[in-house]
Amino acid sequence: DGNVIIIYRSVNGGDLYYSKKRRNGDWREVEAIKGKVNTTYFETSGCITSDKKRFFFVSERPGKGLGNGDIWVATKTGSYEYAEPVNLGNVVNSIDDEVSVFVHPDGNTIFFASNGKNSIGGYDIFKSEFKDGKWSTPMNLGYPINTLGDEKQFSLTADGKKAYITS
């Protein structure tokens with residue numbers, strides 16, 4: 001809704017923070033995401049659903065991770081507090097690196113970059129949808145979105161008419 005920003009800070013291995021906009025338009029001091037999202041491992045690329053009930057992010061935490069950076073999701077338990085995250089699993093994550101997750105305002109579509117899933121370059125942008133309780137096989141967005149180089153960040157307007165990428 002444009003009133004909350006998620007911020008990465010190189011603190012404690014790399015943690016995620018948030019700031020909310022005041023009524024006068026100024027941003028409040030940043031606060032760490034509460035709950036089980038941040039660890040002593042690298043967490044980045046936080047993205048919250050429009051209903052604020054789920055928080056997607058990338059983490060290099062060990063244990064249930066599949067590769068370098070994996071995409072995880074945590075469910076809201078309080079005000080910017082989230083429960084134990086769940087790895088999106090091997091349909092979405094690879095043994096390589098997933099980065100820069102973006103959740104569309106519909107709450108059930110994610111876009112992310114990966115260098116391990118049918119990539120035509122280094123990192124490519126992929127799309128996966130949550131349907132019938134599971135994530136779809138990620139679809140490479142192809143050329144001209146993806147090139148022989150690295151495409152790492154992607155966001156899409158709510159109406160789906162304009163995308164922003166870094167390449």
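- Listed here is the closest heavy atom pair of I120 and N146: CD1-O, 3.5 Å.
- One N or O on the side chain of S136 and one on the backbone of E129 form a donor-acceptor pair closer than 3.5 Å.
- Although no hydrogens or angles enter the test, the distance criterion places no donor-acceptor pair under 3.5 Å between the side chain of S114 and the main chain of E98.
- Using modelled atom types, one side-chain atom of S19 and one backbone atom of R28 make a donor-acceptor pair closer than 3.5 Å.
- One finds the CH2 atom of W27 at 5.5 Å from the CD1 atom of I5 (value rounded to the nearest 0.5 Å).
- With hydrogens and angles disregarded, no donor-acceptor distance shorter than 3.5 Å links the side chain of R54 to the backbone of V73.
- Counting only distance, with no hydrogens or angles, the side chain of S50 and the backbone of P105 share a donor-acceptor pair below 3.5 Å.
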Which pairs would a plain distance check flag for residues 160-167, meaning a side-chain donor or acceptor within less than 3.5 Å of a matching protein atom at least two apart in sequence or in another chain?
unit_1	atom_1	unit_2	atom_2	d
T166	OG1	Q153	N	3.1
T166	OG1	Q153	OE1	2.5
S167	OG	E151	OE2	2.5

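- The two atoms that bring K53 and T49 nearest to each other are N-OG1, 3.4 Å, heavy atoms only.
- Nearest heavy atom pair, residue K152 against residue A113, reads O-CB, 3.5 Å.
- In this structure, L66 CG and N93 CG are separated by 5.5 Å, a value rounded to the nearest 0.5 Å.
- Applying the 4.5 Å side-chain rule to ILVMFWY residues, one finds V4, I6, Y8, L16, Y18, I33, V37, F42, I48, F55, F57, W72, Y80 in the same cluster as Y82.
- Atom OG1 of T137 is separated from atom CZ of F126 by 11.5 Å, given to the nearest 0.5 angstrom.
- Just one residue in the list D97, D150, D96 forms a side-chain hydrogen bond (donor to acceptor under 3.5 Å, both in side chains) with Y123, and that residue is D97.
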Inset, instruction - Just do the side-chain contact (heavy atoms from CB on, under 4.5 Å) check on K127 and L141 with the steps written out, would you? - result: CA-CA 7 Å; K127 171 186 173 183; L141 296 187; 4.0 Å; yes
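- Within a 6.0 Å radius of NZ in K36, no more than 12 heavy atoms belonging to other residues, nucleotides or ligands are found.
- Partners of F102 by ring-ring contact (aromatic ring centres under 6.0 Å, His included), not counting sequence neighbours: none found.
- Within 6.0 Å of CG on N24 lie more than 12 heavy atoms contributed by other residues, nucleotides or ligands.
- Of the N and O atoms on the side chains of N118 and N140, not one donor lies less than 3.5 Å from an acceptor on the other residue.
- A donor-acceptor contact shorter than 3.5 Å is absent between the side chain of N12 and the backbone of G14.
- E43 and S59 make their closest contact through OE2-OG, 2.8 Å (heavy atoms, listed as atom of the first residue, atom of the second, distance).
- The main-chain N or O of G122 is never found under 3.5 Å from a side-chain atom of N115 such that the two would form a donor-acceptor pair.
- The distance from atom SG of C47 to atom NE2 of H104, rounded to the nearest 0.5 Å, is 11.0 Å.
- Residues T147 and D124 share a closest heavy-atom pair of O-OD1, 3.8 Å.
- Put simply, CH2 on W135 and OG1 on T109 are 7.5 Å apart, with the number rounded to the nearest 0.5 Å.
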Inset, instruction - Decide salt bridge (charged side-chain N to carboxylate O under 4.0 Å, His left out) for E31 and K20; before the verdict, give the C-alpha distance in whole Å, the side-chain angles of both, and the deciding distance to 0.1 Å. - result: CA-CA 9 Å; E31 296 182 48; K20 297 189 318 188; over 6 Å; no
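- Cluster annotation: F154 is not connected to V101 through the hydrophobic network of ILVMFWY side chains, with a link wherever side-chain heavy atoms come within less than 4.5 Å.
- A83 and A74 make their closest contact through O-CB, 3.4 Å (heavy atoms, listed as atom of the first residue, atom of the second, distance).
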